Each structure stands twice: as structure tokens, then as C-alpha cells.
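In what follows, a structure is listed as C-alpha cells, so that the remarks can point back to it.
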There are 2 protein chains.
Amino acid sequence: MKNYKSASLIALFTLVLFGCQQTTKINNDPIKATINNSEDAKISQQLAQQALQSNLAYDLVESLTVEVGPRLAGTDKDLQAVDWAIHNLKSLGFDKVYKESVQVPAWSRGKAVASIVSPFEQPLVITALGGSVSTPEKGIQAPIIRFDTLSDLIAASNKDVEGKIVFIDHQTEKHKDGRGYGITVGARSKGAVEAAKKGAMAIVIRSIGTDHDRMAHTGMMRYQEDVPKIPAAAMSIPDAELINGMLKRDPNIIMSLNMSSKNLGVATSYNVIAEVTGHSKPEEIVLIGAHLDSWDEGTGAIDDGAGVAIVTAAAKLIQDLPKKPARTIRVVLYAAEEVGLVGGKAYAAEHSEELSKHYIAAESDFGAGPVYQIDFNVAPTSFSQIQHQVSAITQIGVALGTNTASGGPDVSMLPKLGVPVASLKQDGTDYFDYHHTPNDTLDKIDPKALAQNVAAYVHFAYMMAQSEVELRPLQPKN
Amino acid sequence: MKNYKSASLIALFTLVLFGCQQTTKINNDPIKATINNSEDAKISQQLAQQALQSNLAYDLVESLTVEVGPRLAGTDKDLQAVDWAIHNLKSLGFDKVYKESVQVPAWSRGKAVASIVSPFEQPLVITALGGSVSTPEKGIQAPIIRFDTLSDLIAASNKDVEGKIVFIDHQTEKHKDGRGYGITVGARSKGAVEAAKKGAMAIVIRSIGTDHDRMAHTGMMRYQEDVPKIPAAAMSIPDAELINGMLKRDPNIIMSLNMSSKNLGVATSYNVIAEVTGHSKPEEIVLIGAHLDSWDEGTGAIDDGAGVAIVTAAAKLIQDLPKKPARTIRVVLYAAEEVGLVGGKAYAAEHSEELSKHYIAAESDFGAGPVYQIDFNVAPTSFSQIQHQVSAITQIGVALGTNTASGGPDVSMLPKLGVPVASLKQDGTDYFDYHHTPNDTLDKIDPKALAQNVAAYVHFAYMMAQSEVELRPLQPKN
């Protein structure tokens, strides 16, 4: 109730500020909305109850992780995952199942070996960052230079960095909403470019993770055309601490690094799509997505087998209804999210003509922790109404949140193309303990929490497919 | 109080049963024992308080893990650890510091790579078991056969096992006292012999561990002269579960295994010894030990850097007393415990003449969790008296336990040679999560719990060095 009230106040405030910009029709009839809502809410609550009792999502993620496992974009395993998805979506009886080809960067991990040579010889546990080039065959041996943050590297003088291996030691804080990741991930994605600009030979960062396991966290890094490409890796958090222990004793640390990772050009992958055809507005789409690709070291259970399972199981419950909702439910299992939101961007381009018919979109890509809040990004004037539409979702532990949703990585480009989005925010307290490591395996998923996710998604999807609230136009971002 | 009472009852019962076997002199003067105890208890409690305030143990284990790190018996790093110990024990000002050479088996891990080839191609995370031979250079590819336990393997028919890779899938239960380990570890130590007897090509067990990290647990395995030596490895627990997932779908699983581990003969290592010379009975010894070697994948923090630090820091507090206790405190940092209690056996042989002068012995080798109970193995008639001697230890959370102590791995052979032992039992709930994995790193140690261990050891060591209770003869084991 408190959330609802404060959200209404925000909506009112926003209306005062931006209401004058509204130009398109908005269904502002509260009586009609309430009536629909009461019938629809009953069905969606029944669906949510069914979801809580169902093992389908767990069975799906178990199947994907056991029968396919790691499925790095552009590899044979990635194509096996596409086949797995087509097969399973067809078996589940969706009205339509199809795939759309996507060109994805292909990369091979190879080996990544590092050690401290002096002052104290010790092996390190590292992993190549996705997209990294190799070292020369004999490896690199160089002094390290440590920075607290990427900003500190950027502020450093070239002569301090030249010829060295950069070590960015930024600690990722653990938070329910995972906000620590956004603060530190720049070291991974941009560190190599910034280090190379100053003449570094390589970069080995503290893993972007919140655990204390001796596993390094991989993840995508980027090069820039006019800057030399240097090898980029991450070390486990205990290894970062080990180096800090050595630095207390001696500022002169020599690291040896040998990597054989390789960029392999472009490969073909697929966005896999399944649909429950809407009964009265079949051309209008409620998109619920997840990404099918994974990193290659775990089995891609929480990232993003869980999301694949959640949105598929939610749509299946709607598929099995005697009467389908008004709009079409479209499940999109995106290709190549990990290597640059490639499937998401391809979908937006491929479906550009149809985006005006996308009522709302949401992606599940934050593990399998329970959903605790639903955020929207809709017309400010419609925010309180759309919250009201889904208000029964609070019965499964989901609070009504803000109007600042990103929607998830593969739909994050849609709001600026006019498409409303929602974020069903999951408890990600432990997510960055396992993210992008060999530890991303099935045992990290709690079947009950997974089922609660399905309940939240089926409630959301059904209500959105029936909603008569006009969600556009979005408030332009500053 | 409850513990004390029940312990007394057990002692009384034991006295009734076994008292008639006592032949040597026993100090049964309760008044004298109590008077001594009251003065000694005051000093030992002061020592315990100092221990709780001191960072010495943490600083020592930090130093060992940062400056040496992994120190597999028979390697250069093992000798570095010996130098580290000699240097640090001398710096701490012990009355005597010396080393005794020990011949230890040398072994090199090499690589260990495995994957499931069919029905679903997936890489596995494995590690070679200590002492294992290699596979042929091209590796092995064979069907697997799964057993719940070592006993089930032993009961199997040769024709079911012949030509296969044996997979023993025994789950280790998590308990405070670590008793789950004793139940499952036979699969690791004896599995290769039992599998080879039936014609298996190799054995890859479920790790003897209680975690869900994708890390395999190494540890020693044994061969038998008349049985073929087959390669032996352990897989991580998520990998064991992955294979079980596959077995639900298809009983025919083909594994590929390639290992290059190698036995390298015999090398020289050292038991490192430091002493606080007793002031009135310097020839009588209270032995507190730990092992200096470690496995090679972590930095040997909990196994057994913690033990090294605990017993060293405890002895150092006694070294610094204005008046030393009656008996000598001997710190023994054993060589090559991991590869077969080699240092412990060598010590018992080297010091056989002197064992009658060992008043009591205890080893710290179960991580850095707090001590919650003290057990003894002393003459049954002396048990309640010796418990009374140390009863102030309850003030730091240590309960008075049983008269069934093993004393710890490297002193476990001493009771049958007549030497009383004690076990300061640590909370090992998480110990087998990290044991023998890359995760055995400094961050797994809580400095406060470590200091409590020092407090317990210093209390114990001081009281034993002053005790006038005759602890022999031990009750013969059935």
C-alpha cells in the first residue's frame, strides 16, 4: 500500500511536469480498467497459483544444462542450444515457433595461465575476458601496476603504465539489486583500451564478482579501433587479495601471463521465438524474453538458463488456457547477449516496423532469485493505472515499484524506440557470486524461487495481454 | 557443568571397568592437584586472554600463504616452507629451533582434463588424486559405471567393471565434527585398488567435499603392489550431479580422461621443531603440532597454515613468560602429512627412545574454526583429574569432552606407543567445503576464531606443562 501511494504521488508529480507533452490517446477510464482488472486478475492469480505448483521451469533449465550445458555464442554448442530451444518450444505446443538468424562474433577461449614470478612465486587463477586477444606465444613477463579503479588508471601518467601489466583492483559490493556490478564493470569492459592508451602490455583485473571463491569471472571486454589490442584477463578475488598481500611487502611485483584466446570472425546464431497468438489483438505483442547463449565455463544455469525457463514456463501456462488473452505473448530467446546484446539489437532492427505494436517488453536475466518488485517504464500519466492492473502480484511477494525500469539487457534499447518495458526485479544478492564463472551450475537454482518467478511473469504477461491502458508515449530520457 | 558431570560419570564407569589394570604410579592427591591448578589456571587464563587480543597467529598464516603459498611435499616450495618456518621460529625467539630430515614421496600433478563425450558432450572439472599415475598420452575413452559407495564397487562383478571408468558417487555429509569425511574418504584412498582389481581402466570419484563449488577436491590415494595402477581423479560435486542428470536419460555414458601426473620417487623434507625449555622437567615434553606441507592447489591456509600459526602463537606466549612452566613445550611442524602422515611417522621413529618422556601430544589440523570441545586419551583413572586441570578452558567456549581423542593425524600413532594425546576439537562445519581445493585460501580464516584457537592451545599447553597428574598407562584399544 505504501509503495502504491508513493508511486501515485510520483505519477501525479510527473503528470504535472510532463502531462502537457501527452499527445496520443490514453485510456483514462478508471471504471473500465477496474472491471477488466477484476476478471483478469482472477485468471492471472489462478495462473500464478498453477505456476507455484509447477516443475516445468526447473525441468527446462535442468534439461538445458544437462543436455547442452555451456553455449558460447558462435560455437557448435550455441547451435545445439538453438536446436534444443526449437525442439522444446515445439513440444510444448506453442502456436508459433521460429528462429531468426543473427550474425555473432565468434571467439575461442584457449588457455589462460598466470603466475607471480617475484617477489614470491605463486600461481594465479585467471580467466580470459571475452573477446581478448592472445599474448605472444611465449607469454608476457612484466611488472604490475595496481589501481583502485578504472578512473585511477585513466588519471595515471603514461610513464607509470608503459610496459606494465595493469591490475585494477576494484571491489564489487554485494547488493540485492546488483548495483555494485554497474560501478565496477567498466574495469572489465573498458580497462584494456584505457591501459593500452598508456602503453600497458596487458590488463588483469580483480574479478567483477562478490564471492571469495578461487574462480575468476569472465565477461565481455571491448577494443577500440585506433588503440592497440592488449590481452585482458580477470583473476579470482583471493588472488587479488594475495597480490595485495605481496604489495604490502614489495611494490615490485613481476607477473607472467600466457593466453591463447582468439577472435574467430563472425558466425551465425539465432533468436528463437515462440508465440501464444492473441485472440482479439493478435498483432499486438507482449514480449517476454531471456537469452539462450551463455558463457563457456559453467553450464549457464543462472545466466540465463533460468530466464529461458521462466519465460517459457510462463507462456506455456497461457498457451494452455481455454481462452487466450487479447494480445499475442511472444517469447524471445535472444542470441549472443553475453557478447554485446547482439540478439537484442538484431531483434530491434529486424522488427523495427513492428515495434509500434509491442505493447510492453521484459527480459528475465538476473538468475533465479525471487522477484521482489515490478518496475515499469511507461507514459508517466499511465504509471499508476498500470501498477493498479498488476496489483494482485503483491500477493506473491512482488512490490509495486518505480517507473524507471530498464527492462533487461536485450530490451534495453526498446524504450528509446518508443516501446514500454517492465523490470521484474529479482533478488540478486548471490548472483554475482556465480556470474560468469564455472560455478554457474544447476545446483545454484532454488526450484521454489524459480517457480515464484514463473508466477510473477505469468501474472504480468497475462495482465499486459489484456490491459486496456495506453502505455505510450514514454517520457524522453534526459 | 553438564559436560563435566557426565564426563566424570564416564570416568567413574571406566574406572570400575578398567581400574584393576592400572599398574604404574598415579598422582591421585586431589588437594595438591587443586592447589597447583588454581595458580596455574590463573596464569593460563591470562595467557588465553593475551591470545584473544593477539594478531600473531593471523600474521603467521598470512605470511606463510603470501610468501610461500602452496607447498606440496617433496617440491621446492616445500623446502621454502621449511626455510620460512626456521626463519620465523628463530625470529620469535624460541629456546631451540631445529629440523629433522624426512624422506617423502614426490609427485607432480601435471594436467587433468576430462569430458563427457556422449550422450551429451560437456567438459568436466576434475583434479588428479595425489599419487595417481597418468593416463596414456592420448588419454582414455571408456564407458563409466556408477556406484553409490566403495562397498558397492567391492560387491560388483568383474564383468560389469572391466574396461570401464569407475565413478563412485558417495555424498559427504556436513557435520560440525567432520565425521562425514571418514565415511566417504575410502572411495578416494582405496577406490583405485578396488576398481583395478576388477579390471577398470580408471577411477573418477565424486569429490570428498561438502560444498557445491565447481572445484574438485584432491587428496592422497594408494596403490597396492600386486594390483595394476590405474589413473585416479576426483570431479567437482556439480559435475557429479551433471552426470547423474545424464544417467537419468541414458545409462551409456562415455567419458574421456587425460592426465599427466607422475610419481617422482623420493625427496627430502623436514620436520621443523621449536621448543620452550621447561624450567624444572625440561626432558619431559608437551607436544603441540601441525603440518607444514599442503596440497598444491590452494595456498594451504586452513590446511594447515592455520594449525602452524595456532601452535606457534600459543608456544610464543609461553616463551615470553617470565617463568617457564615445568615441562618443555615442543612445537612440531610436521613434513608431508598430506601424502601419508610421513612426518608424523618419522617423528615417532626418530624420537622412539624419548616417547616415554612425552607427557601429552596434540595436533591442530582441522582448519580455523573455533575449538568447542577438548577430548583426551589418557589413563581412564586420570581422566576426570586431567579434565579438572583444564576446566577453566570452558570460559573460552571449550566444553570438556570424552576420553576417546585421536590427537590429530600426525600424533595418531602415538597412543599405541603409550603417549597420551588430546584433541582440541574445532568447528569444522565448513572445513570440507574448502579442504584440498583451490579455495583453501587466507580469506577462509576468521581472525577471531583463529585467536580463540590460540587461547585454547596456550591454556592447554601451559596446564599440561605444569600438571602433576600421571596420564599413563593408556587403556588398550579393543
Side-chain angles (χ1 to χ4, degrees), chain A residues 59 61-71 75-77 80 84 109 111 113 115-116 118-125 211-216 236-250 253 296-301 430 433-434 437-445, chain B residues 59 61-71 75-77 80 84 109 111 113 115-116 118-125 211-216 236-250 253 296-301 430 433-434 437-445:
Chain A
D59 290 346
V61 66
E62 194 262 357
S63 168
L64 179 58
T65 55
V66 169
E67 295 168 23
V68 183
R71 45 197 183 278
T75 63
D76 288 350
K77 295 293 270 181
Q80 281 178 36
W84 174 91
R109 175 169 299 284
K111 70 166 181 215
V113 179
S115 63
I116 299 301
S118 76
F120 307 108
E121 204 181 330
Q122 290 225 32
L124 299 174
V125 173
D211 56 296
H212 261 96
D213 288 315
R214 208 167 184 201
M215 289 181 187
S236 85
I237 285 146
D239 285 278
E241 293 177 350
L242 179 67
I243 290 180
N244 284 315
M246 291 187 189
L247 283 168
K248 274 188 226 162
R249 291 159 167 88
D250 189 339
I253 294 190
D296 50 341
E297 299 199 283
T299 59
D430 298 333
D433 288 354
Y434 308 126
T437 75
N439 245 346
D440 180 359
T441 49
L442 183 65
D443 50 283
K444 308 309 179 303
I445 293 179
Chain B
D59 291 346
V61 67
E62 193 262 358
S63 168
L64 179 57
T65 53
V66 170
E67 296 168 22
V68 182
R71 46 197 183 278
T75 63
D76 289 350
K77 295 293 271 182
Q80 282 178 34
W84 174 93
R109 174 169 301 284
K111 70 165 181 214
V113 179
S115 63
I116 299 301
S118 75
F120 307 108
E121 203 180 331
Q122 291 225 30
L124 299 174
V125 173
D211 56 295
H212 261 96
D213 288 315
R214 207 166 186 202
M215 289 182 188
S236 84
I237 286 147
D239 286 278
E241 292 178 351
L242 178 68
I243 291 180
N244 284 315
M246 290 187 190
L247 282 168
K248 274 188 226 163
R249 293 160 166 88
D250 188 340
I253 295 190
D296 50 339
E297 298 198 284
T299 60
D430 298 332
D433 287 354
Y434 308 127
T437 74
N439 245 346
D440 180 359
T441 49
L442 183 65
D443 50 282
K444 308 309 180 301
I445 293 179

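Bear in mind the structure is a predicted one, so any value in this text is a computation, not a measurement. So you know, we letter chains A, B, ... as the sequences are listed, proteins then strands, and number each from 1.
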(request) Name the region of B:Gln80, side chain, backbone, both or neither, that has any atom closer than 4.5 Å to a heavy atom of chain A. (result) neither

(message) At a 4.5 Å cut-off on heavy atoms, which part of A:Pro123 comes close to chain B: side chain, backbone, both, or neither?
(response) side chain

(message) Please enumerate all residues that pass salt bridge (Lys or Arg N to Asp or Glu O under 4.0 Å) together with B:Asp213, with sequence neighbours excluded.
(response) none

(request) Would you give the length of the straight line joining atom NZ of A:Lys111 to atom NZ of B:Lys111, rounded to the nearest 0.5 angstrom? (result) 12.0 Å

(message) Heavy-atom pairs under 4.5 Å with chain B: which of A:Pro438, A:Pro119, A:Ser63, A:Gly245 has the most?
(response) A:Pro438

(message) Can a donor-acceptor pair be found, under 3.5 Å and without considering hydrogens, that links the side chain of B:Arg214 to the backbone of A:Glu297?
(response) yes

(request) Without swapping roles, check the side chain of B:Glu67 against the backbone of A:Phe120 for a donor-acceptor pair under 3.5 Å. (result) no

(request) Please examine the side chains of B:Thr65 and A:Glu241, heavy atoms only from C-beta on, and report whether any two atoms are closer than 4.5 Å. (result) no

(message) My understanding is that only residues two or more places apart in sequence, or in another chain, count here; which of them pass side chain to side chain donor-acceptor pair (under 3.5 Å) with A:Asp443?
(response) A:Thr441

(request) Can you see which heavy atom on B:Gln122 is nearest to which on A:Pro70, and at what distance? (result) OE1-CD, 3.4 Å

(request) Examine distances only and state if a side-chain atom of A:Lys444 and a backbone atom of B:His212 form a donor-acceptor pair shorter than 3.5 Å. (result) yes

(request) Give the member of A:Lys77, A:Arg249, A:Glu121 that has the highest number of heavy-atom pairs under 4.5 Å with chain B. (result) A:Arg249

(request) Can you establish whether the number of heavy atoms outside A:Asp76 located under 6.0 Å from its atom CG is more than 12? (result) no

